Amino acid sequence: MTIRPINKNDDTYVLPLIVSAFEETEFGYQGEAELVKKIRQNITYNNELELVYEMDKKIVGYGLLSTCWVKNDKQSFTGLALAPLAVHKGYQRQGIGGKLIKELERTAIGLGYTFIVILGHPKYYSRFGYQPTSHYGVSSPFDVPEEFFMMKELQKDGLSQVMGTVYYSEAFN
């Protein structure tokens, strides 16, 4: 098992993996592979925050963090958004997603980020310490059930002053 930053040769496996991982989910595939391509073109893209999980010399998992901001009338706070996180159907429920999350968080902390936001299933992400953003005085930029829009503090008191609305990079438009 290896978790490593993506390289240019991985897209042959990664993009179809993303499509297939989301196709049979509750909400289905919603253009996550296209989102990845757009995020990579953004000026804030960082290759260190795009990871693959290899097992038996095959890519079976993928995760990407991209820059986002929480803004209010007076301040702007830079953080990260986790999107997408995907695991090959044949390898799900083996802890691969969790290992990717932990490694992405470790990398984010090393780069000095203080929080990550996620739009995802609360039963899954709450296991890793993600809580609804409303607990922190942070709101979503779109209409979504509160329990699905979550965030996690990466550094002690990293969210103590953060309040406002999340803004994603242009790639999400």
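FYI, the numbering just counts along the sequence from 1. Fair warning: this is a prediction, and the values are worked out from it, not measured in the lab.
Of the possible polar contacts, none joining the N42 side chain to the I39 backbone as a donor-acceptor pair under 3.5 Å is found.
To the nearest 0.5 Å, the span separating CG on L17 from CG on D11 amounts to 11.5 Å. To the nearest 0.5 angstrom, K99 atom NZ is 14.5 Å from L51 atom CG. Taking CD1 from I118 and CE from M151, the interatomic distance works out to 12.0 Å, rounded to the nearest 0.5 Å. Taken from CG in L82 to CD1 in I116, the straight-line distance is 6.5 Å, to the nearest 0.5 Å. Separating the CE atom in M150 from the OH atom in Y125 is a distance of 7.5 Å, to the nearest 0.5 Å.
F128 and F115 fall into different hydrophobic clusters, where Ile, Leu, Val, Met, Phe, Trp and Tyr side chains are chained together by heavy-atom contacts under 4.5 Å. Hydrophobic clustering (side-chain heavy atoms under 4.5 Å, transitive across Ile, Leu, Val, Met, Phe, Trp, Tyr) keeps V166 apart from L154. Linking Ile, Leu, Val, Met, Phe, Trp and Tyr whenever their side-chain heavy atoms come within less than 4.5 Å leaves V36 and I3 in two separate clusters. The hydrophobic cluster containing V138 also contains F172, counting ILVMFWY residues as joined when their side-chain heavy atoms lie under 4.5 angstrom apart, directly or transitively.
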Can you give me every donor-acceptor pair (side chain of residues 59-73, partner residue at least two apart or in another chain, under 3.5 Å) with its distance?
{"residue": "Y62", "atom": "OH", "partner": "E50", "partner atom": "OE2", "Å": "2.5"}
{"residue": "W69", "atom": "NE1", "partner": "T78", "partner atom": "OG1", "Å": "3.4"}
{"residue": "N72", "atom": "OD1", "partner": "K74", "partner atom": "N", "Å": "2.8"}
{"residue": "N72", "atom": "OD1", "partner": "Q75", "partner atom": "N", "Å": "2.7"}
{"residue": "N72", "atom": "ND2", "partner": "M163", "partner atom": "O", "Å": "2.8"}

Side-chain polar contacts of residues 85-97 - donor-acceptor pairs under 3.5 angstrom, sequence neighbours left out - could you list them?
{"residue": "H88", "atom": "ND1", "partner": "G90", "partner atom": "N", "Å": "2.9"}
{"residue": "K89", "atom": "NZ", "partner": "E24", "partner atom": "OE2", "Å": "2.9"}
{"residue": "Q92", "atom": "NE2", "partner": "V87", "partner atom": "O", "Å": "2.8"}

Taking only distance into account, with no hydrogens and no angle test, what donor-acceptor pairs under 3.5 Å do side-chain atoms of residues 140-148 form with protein atoms, sequence neighbours excluded?
{"residue": "S140", "atom": "OG", "partner": "F142", "partner atom": "N", "Å": "3.1"}
{"residue": "S140", "atom": "OG", "partner": "F142", "partner atom": "O", "Å": "2.8"}
{"residue": "E146", "atom": "OE2", "partner": "S134", "partner atom": "OG", "Å": "2.6"}

Contacts under 3.5 angstrom, residues 100-114 side chains, donor-acceptor by atom type, not counting sequence neighbours:
{"residue": "E103", "atom": "OE1", "partner": "R106", "partner atom": "NE", "Å": "3.2"}
{"residue": "E103", "atom": "OE2", "partner": "R106", "partner atom": "NE", "Å": "3.1"}
{"residue": "E103", "atom": "OE2", "partner": "R106", "partner atom": "NH2", "Å": "2.5"}
{"residue": "E105", "atom": "OE1", "partner": "K152", "partner atom": "NZ", "Å": "3.0"}
{"residue": "E105", "atom": "OE2", "partner": "Y130", "partner atom": "OH", "Å": "2.8"}
{"residue": "E105", "atom": "OE2", "partner": "K152", "partner atom": "NZ", "Å": "3.3"}
{"residue": "T107", "atom": "OG1", "partner": "E103", "partner atom": "O", "Å": "2.9"}

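Residues L159 and Q131 fail the side-chain proximity criterion, which asks for heavy atoms closer than 4.5 Å.
The environment of OH in Y45 is crowded: more than 12 heavy-atom neighbours from other residues, nucleotides or ligands sit within 6.0 Å. Heavy atoms of other residues, nucleotides or ligands lying less than 6.0 angstrom from CD of Q30 number more than 12.
For the side-chain contact (heavy atoms from CB on, under 4.5 Å) test with L49, the passing option among T44, L80, I6 is L80; the others fail.
Looking at residues two or more places apart in sequence or on another chain, you find a salt bridge (charged side-chain N to carboxylate O under 4.0 Å, His left out) between E54 and R4. By the salt bridge (charged side-chain N to carboxylate O under 4.0 Å, His left out) test, K58 pairs with no residue at all, sequence neighbours left out.
When every heavy atom of Y124 is checked against every heavy atom of G98, the shortest pair comes out as OH-N, 3.2 Å.
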